[in-house]
Peer 1: 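Submitted below is the structure of interest, expressed as structure tokens.
Computed from a predicted structure; not experimentally measured.
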Amino acid sequence: MDYLKQLNPEQLEAATTTEGYVRVVAGAGSGKTKTLSARYLYLVEQLGISTANILCVTFTNKAAAEMKKRIRRQLPDQDLGRITTFHGFCVGLLKEDCHVIQYPTTFIILDEEDKEGILRQVFEDLGITSREMTIKEAIDHIGWRKGGRGYVKTLIGDTEKLRTLSEKATTLKDKVLYRYFYEQRKCYGLDFDDLVYFALYILEQDRNVREKWQSRLEYIMIDEFQDIDKDQYALADILSGYHKNLFVVGDPDQTIYTWRGADVKFILEFDSRHENVKTIYLNTNYRSVPQILSASNALIEKNRDRLKKQLHSVRSDSRKPLYFHAKTNQLEADWITANMRALHDGGMTYSQMGVLYRAHYVSRAIEESLIRNKIPYVLYSGVEFYKRKEIKDVLCYLRMIYSGDDISFLRTVNEPRRGIGRTRLHFLKTYSELNRCSLYEALMANLEADLFRRSRAREYVRMIEKYKAIFGGMDLTDLLAGVLSESGYEDMLRTSGEEERLDNLAELKQAIYDFQRKAGEEVTLGNYLDHAALFTNMDQTEKAQAVKLMTIHAAKGLEFPVVFLCGLSEGIFPGKRANTREKLEEERRLCYVAFTRAKDRLFLSDAAGTNYDGSFRYPSRFLFNAEKENVEYVVPLDPELEERTLDRVNQTEKYDTRLVNTDEKIGKHVVHPVFGEGVIIGIPRGQEGVIVQFDAMATPRTFGPSVKLAEL
């Protein structure tokens, strides 16, 4: 029971309230992971609930791993497989029940690169050029068409029907869509969207499966509830429909992913959508000093769509956030690096410092200053580990052994070179179409054909078949070592002197070893391939002793002793597209997230001048939202600049209250013959016409019904 003694009264109430619908509003740094872990242990140790009957959903694999680590200290021998992400849970459900839609358990999970690979092949087969359509446009269209979930019935149908739909489609977009579906269905591939949509489809369509999972999951806990989308919300509601024990934890003040489908109303209106909801507030902050919280509380209070709360700190008083208004970007960057140097000279390591910004382009001047001052830094915008070519190649080798799908075949069959070029691949594609088989099966059927005798295809098939027969009984690290050696891939990199890529393969070996060790139970090749496919950049850990540079979105869930929040200018943060109250409130929530990443010191800065579109740079309204008494100014702002800034903010806020967001015109991009490009942000109250925020103008303009605006 020691874990309960470590909780404060509100945390203890949350951990021991087990029945019914419970909403925990957990402020930043309030110990929600500790509370969730304690509740899980309480259910298992004190109430005797089996871990197999508890679903605990977190937002990232990294968060799930952290929770498992905490719980495993107390429950070393228990299966904690149901502490997972939404996508991870859906993979488990599909592995168990995909037979009801006639899918095999060896279905593959398609990442973004797989999707792009399929589409490149589709474009080539259909003769589509980049002028007609880009890969990104195709991905966006496919994602939009999948948004309604009605596509699932089409996708799980007959492959020939999908091919026919593509051939008979009257638009290029639909030709690509149905051909993509055809390629997906042929290799039983599911992308990230499909995992949730397919799970929902099965639960909604098959009563036996639905009742089985509802009965099994007696207690459901969902972390970061403010970030879930409508489909994840539907999944939670269905799964909790029998026992009605749904425990959600989140902070509406940290809803920053609406562009990804999140809706702050899911947590705000939780009590009106469910019966007898108990709401518990965790307002004690263990992370930040009181001065940082005072500024954070004042900032977020300006939002309307929230549950009112005030965070209070348990830490001793310290310094207020320090603000510097620089004359240029370079002076802002030099001020930041000078403070870094001073902190480092005072005994702080560079790895304890984080630089946060609204968009990556803001970091350019700071990077240059860091380089000039020889301060080590890591920029969180590089290629994700699992997307690096050599990692993806080797994972596709493992996937060939596991499932033999066409995507993995095309990636591995000629890497390293085996003489299987365009002509031979064209033959295999034609053969597989005529004989309704995979490309790998087509190759095996034609190994003796004259076309392939002079290639090294037989070596490739021999290696794949060898490991197909024995991988089930092999340690995963041994399997990887064998594949790297016998495929010739490792030798290819060594011969060409690709030391960095060889180091990445060594890191992959370590990743597989760590996965097996941390899993705590017997793992299979399929388990690891699923894990790797679901892994994201948010799950990575950076160990370098260097300053961390990242967007605020990337910093969600992290904390730093010192935070430098830069680029605090109108048009940058908040961005110029924040032209409705809802968008502006999300930007303010994002700023709140940035403030509350800081533990000991918070540095705020901006630079005067003009933006790339020629508009004047005013200090951000968020600086004033934090209230003057809560912020220390290095140099007082010029009174005239402050007055002009507040006038501009008040003007845009005034227009903001006039917006009618249900009007179909809102959000449309238009062009004015004189003012240029802009966005319709509202309609005038009590009259016809529109209000437009132009890209090159600081304030909106109101037009009557006779205005001539061309839509983009």
Peer 1: Taking only Lys NZ, Arg NE, NH1 and NH2, and the carboxylate oxygens of Asp or Glu, determine whether Lys389 and Asp393 approach each other closer than 4.0 Å.
Peer 2: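 Asp393 and Lys389: salt-bridged.
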Peer 1: For the pair Asp111 (side chain) and Ala533 (backbone), establish whether a donor and an acceptor sit closer than 3.5 Å, ignoring hydrogens and angles.
Peer 2: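 Looks like no, no N/O pair under 3.5 Å.
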Peer 1: Spell out, as yes or no, whether a donor-acceptor pair under 3.5 Å connects the side chain of Arg82 to the backbone of Ile54.
Peer 2: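 No, Arg82 side chain to Ile54 backbone: no donor-acceptor pair under 3.5 Å.
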Peer 1: Judged by modelled atom types alone, do Ser215 and Glu211 share a side-chain donor-acceptor pair under 3.5 Å?
Peer 2: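 No, Glu211 and Ser215 have no side-chain donor paired with an acceptor closer than 3.5 Å.
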Peer 1: Do side-chain atoms of Thr85 reach the backbone of Asn61 as a donor and acceptor pair under 3.5 angstrom?
Peer 2: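 Answer holds: no.
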Peer 1: Is Arg418 reaching over with its side chain to a backbone N or O of Ser455, donor-acceptor style, under 3.5 angstrom?
Peer 2: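 Pair absent, no side-chain N/O of Arg418 close to backbone of Ser455.
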Peer 1: I would like to know whether Glu459 and Arg462 meet salt bridge (Lys or Arg N to Asp or Glu O under 4.0 Å); could you show each step before the answer?
Peer 2: CA-CA 5 Å; Glu459 295 175 19; Arg462 187 184 299 121; 6.0 Å; no
Peer 1: Between Leu558 and Met550, is the side chain to side chain contact (heavy atoms under 4.5 Å, CB included) condition met? List the steps.
Peer 2: CA-CA 11 Å; Leu558 303 179; Met550 66 186 74; 3.7 Å; yes
Peer 1: Calculate, to the nearest 0.5 Å, the distance between atoms CG and CZ belonging to Asn414 and Arg456 respectively.
Peer 2: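 So the CG of Asn414 and the CZ of Arg456 are separated by 9.0 Å.
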Peer 1: We want to know whether Asp194 and Tyr151 form a side-chain donor-acceptor pair, criterion being a heavy-atom distance below 3.5 angstrom.
Peer 2: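 Short answer, yes.
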Peer 1: Would you check if Leu505 and Leu480 make a side-chain contact, meaning some heavy-atom pair closer than 4.5 Å?
Peer 2: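 They are not in contact (no side-chain heavy atoms under 4.5 Å apart), so the answer is no.
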Peer 1: How far apart are the closest heavy atoms of Glu367 and Leu549, and which atoms are they?
Peer 2: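 Closest pair (atom of Glu367, atom of Leu549, distance): CG-CD2, 3.8 Å.
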Peer 1: Check for a donor-acceptor pair, side chain of Asn435 on one end and backbone N or O of Tyr431 on the other, with a separation under 3.5 Å.
Peer 2: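 Present.
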Peer 1: Can you tell me which residue among Leu43, Thr35, Leu36 is in a side-chain contact (heavy atoms from CB on, under 4.5 Å) with Arg39?
Peer 2: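 Output: one option passes, namely Leu43.
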Peer 1: Under the side-chain contact (heavy atoms from CB on, under 4.5 Å) test against Ile220, which residue among Asn245, Val248, Leu239 passes?
Peer 2: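 Of all the options given, the one that passes is Leu239.
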Peer 1: For Ser408 and Asp405, indicate whether the former's side chain and the latter's backbone hold a donor-acceptor pair under 3.5 Å.
Peer 2: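 A pair under 3.5 Å: no.
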Peer 1: In the structure I gave you, are the side-chain heavy atoms of Lys68 and Gln78 within less than 4.5 Å of one another anywhere?
Peer 2: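 No - every pair of side-chain heavy atoms lies 4.5 Å or more apart.
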Peer 1: Test the Lys95-Tyr103 pair against the cation-pi criterion, namely NZ or CZ under 6.0 angstrom from the six-membered ring centroid and within 45° of the ring axis.
Peer 2: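 Lys95 over Tyr103 ring: no.
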Peer 1: Which distance, rounded to the nearest 0.5 Å, do you find between the CG of Leu75 and the OH of Tyr40?
Peer 2: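 Leu75 atom CG to Tyr40 atom OH measures 7.5 Å (nearest 0.5 Å).
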Peer 1: Any idea which heavy atoms bring Asp79 and Thr51 closest together, and the distance?
Peer 2: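 Nearest pair, atom of Asp79 first, then Thr51: O-OG1, 2.9 Å.
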Peer 1: Got a sec, which pairs hit side chain to side chain donor-acceptor pair (under 3.5 Å) with one end in residues 441-452, sequence neighbours left out?
Peer 2: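 Of all non-adjacent pairs touching residues 441-452, those that pass side chain to side chain donor-acceptor pair (under 3.5 Å) are Ser438-Glu441, Glu448-Arg458, Asp450-Arg453.
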Peer 1: Restricting to salt bridge (charged side-chain N to carboxylate O under 4.0 Å, His left out), what partner residues turn up for Asp114, sequence neighbours left out?
Peer 2: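 Partners of Asp114 under the salt bridge (charged side-chain N to carboxylate O under 4.0 Å, His left out) test: Lys392, Arg399.
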Peer 1: Flag the pair Glu66 and Arg70 as a salt bridge only when some basic side-chain nitrogen lies within less than 4.0 angstrom of an acidic carboxylate oxygen.
Peer 2: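 Yes, charged N to carboxylate O under 4.0 Å.
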Peer 1: Quick one, Asp140 with Lys136, criterion salt bridge (Lys or Arg N to Asp or Glu O under 4.0 Å). Give me CA distance, side-chain angles, the key distance, then yes/no.
Peer 2: CA-CA 6 Å; Asp140 289 345; Lys136 184 181 184 307; 2.9 Å; yes
Peer 1: Roughly how far apart are Leu484 CG and Tyr397 OH, rounded to 0.5 Å?
Peer 2: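 Nearest 0.5 Å value for the CG-OH distance: 9.5 Å.
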Peer 1: Could you check whether any side-chain heavy atom of Asp229 comes within less than 4.5 Å of a side-chain heavy atom of Gln232, counting everything from C-beta outward?
Peer 2: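 Yes, close enough: below the 4.5 Å cut-off.
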Peer 1: So, Thr58 side chain and Ala64 main chain: donor-acceptor pair closer than 3.5 Å or not?
Peer 2: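 It does hold such a pair.
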Peer 1: Pairing donors with acceptors under 3.5 angstrom, does anything connect the side chains of Tyr489 and Thr412?
Peer 2: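 Looking only at side-chain atoms, Thr412 and Tyr489 do not form any donor-acceptor pair under 3.5 Å.
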Peer 1: Going from OH on Tyr182 to CG on Asp125, what distance comes out if it is rounded to the nearest 0.5 angstrom?
Peer 2: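 If we round to the nearest 0.5 Å, Tyr182:OH and Asp125:CG are 9.5 Å apart.
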Peer 1: Hey, does Tyr460 have a side-chain heavy atom less than 4.5 Å from the side chain of Ile420?
Peer 2: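 The answer is no; the side chains never approach within 4.5 Å.
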Peer 1: Is any side-chain heavy atom of Phe198 closer than 4.5 Å to one of Ile156?
Peer 2: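 In short, these two side chains touch, coming nearer than 4.5 Å.
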Peer 1: Using 0.5 Å steps for rounding, measure from the CG atom of Leu395 to the CD atom of Glu390.
Peer 2: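 Separation between the atoms: 10.5 Å.
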Peer 1: Evaluate the side-chain proximity of Tyr188 to Thr106: yes if any heavy-atom separation is below 4.5 Å, no if none is.
Peer 2: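 Thr106 does not reach Tyr188 side chain to side chain.
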Peer 1: Decide if the gap between the ring center of Phe59 and the ring center of Tyr257 is smaller than 6.0 angstrom.
Peer 2: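 Yes; Tyr257 has its ring centre under 6.0 Å from that of Phe59.
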Peer 1: Strictly below 4.0 Å, N to O, side chains only: are Arg163 and Glu160 in salt-bridge contact?
Peer 2: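 Looking at Arg163 and Glu160, the cut-off is not met.
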Peer 1: If you take all heavy atoms of Ala457 and Leu447, which pair is closest and at what distance?
Peer 2: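 Scanning both residues completely, I find the closest heavy atoms to be CB-CD2, 3.9 Å.
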Peer 1: Would you name the heavy atoms of Tyr197 and Lys146 that are closest together and state the gap between them?
Peer 2: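 Closest approach of Tyr197 to Lys146, heavy atoms only: CE1-O, 3.1 Å.
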Peer 1: Given the rule in the side chain to side chain contact (heavy atoms under 4.5 Å, CB included) test, do Phe452 and Phe427 qualify, once you have shown the distances and angles that lead to the verdict?
Peer 2: CA-CA 10 Å; Phe452 291 95; Phe427 172 85; 3.6 Å; yes
Peer 1: Tell me, yes or no, whether the heavy-atom count around Lys69 atom NZ, taken from other residues, nucleotides or ligands under 6.0 Å, exceeds 12.
Peer 2: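 Not more than 12 within 6.0 Å, no.
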Peer 1: Is it true that a side-chain atom of Arg185 and a backbone atom of Gly157 form a donor plus acceptor pair closer than 3.5 Å?
Peer 2: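 Pair found, side chain donor or acceptor close to backbone of Gly157.
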Peer 1: Of all the heavy-atom pairs spanning Met353 and Thr349, show the shortest one and how long it is.
Peer 2: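 Shortest heavy-atom contact: CE-O, 3.8 Å.
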Peer 1: Answer whether the closest heavy-atom distance between the side chains of Ile108 and Cys187 falls below 4.5 Å.
Peer 2: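 SC-SC contact between Ile108 and Cys187 confirmed.
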Peer 1: Indicate yes or no for a side-chain donor-acceptor contact from Asp191 to the backbone of Ile109 under 3.5 Å, with no hydrogens or angles considered.
Peer 2: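 Answer holds: no.
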Peer 1: Within the distance-only criterion (no hydrogens, no angle test), does the side chain of Lys34 pair as donor or acceptor with the backbone N or O of Gln6 below 3.5 angstrom?
Peer 2: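 Side chain of Lys34 to backbone of Gln6: a pair is present.
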Peer 1: Can you list the steps and then say if Arg411 with Met400 is a side chain to side chain contact (heavy atoms under 4.5 Å, CB included)?
Peer 2: CA-CA 10 Å; Arg411 183 145 194 149; Met400 274 304 300; over 6 Å; no
Peer 1: Apply the test side chain to side chain contact (heavy atoms under 4.5 Å, CB included) to residues Phe515 and Asn527: give CA-CA distance (whole Å), side-chain angles for both, the deciding distance (0.1 Å), then the verdict.
Peer 2: CA-CA 10 Å; Phe515 174 74; Asn527 294 150; 4.3 Å; yes
Peer 1: Does either side chain, that of Gln121 or that of Glu183, offer a donor lying less than 3.5 Å from an acceptor on the other one?
Peer 2: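 Per modelled atom types, Gln121 and Glu183 side chains form no pair under 3.5 Å.
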Peer 1: Minimum heavy-atom separation for Val91 to Phe107, with atom names?
Peer 2: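 Reported closest heavy-atom pair: O-CZ, 4.2 Å.
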Peer 1: Return the NZ to OG distance between Lys161 and Ser166, rounded to the nearest 0.5 Å.
Peer 2: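 Reported to 0.5 Å precision, the distance equals 14.0 Å.
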Peer 1: Would you call the rings of His531 and Tyr528 parallel, tilted or perpendicular if under 30° counts as parallel and over 60° as perpendicular?
Peer 2: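 It falls in the tilted class, 30° to 60°.
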Peer 1: Parallel under 30°, tilted from 30 to 60°, perpendicular over 60°: which one fits the rings of Tyr233 and Phe225?
Peer 2: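 Tyr233 and Phe225: tilted rings.
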Peer 1: Got a sec, which residues hit ring-ring contact (aromatic ring centres under 6.0 Å, His included) with Tyr180, two or more places apart in sequence or on another chain?
Peer 2: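 Expected list: none.
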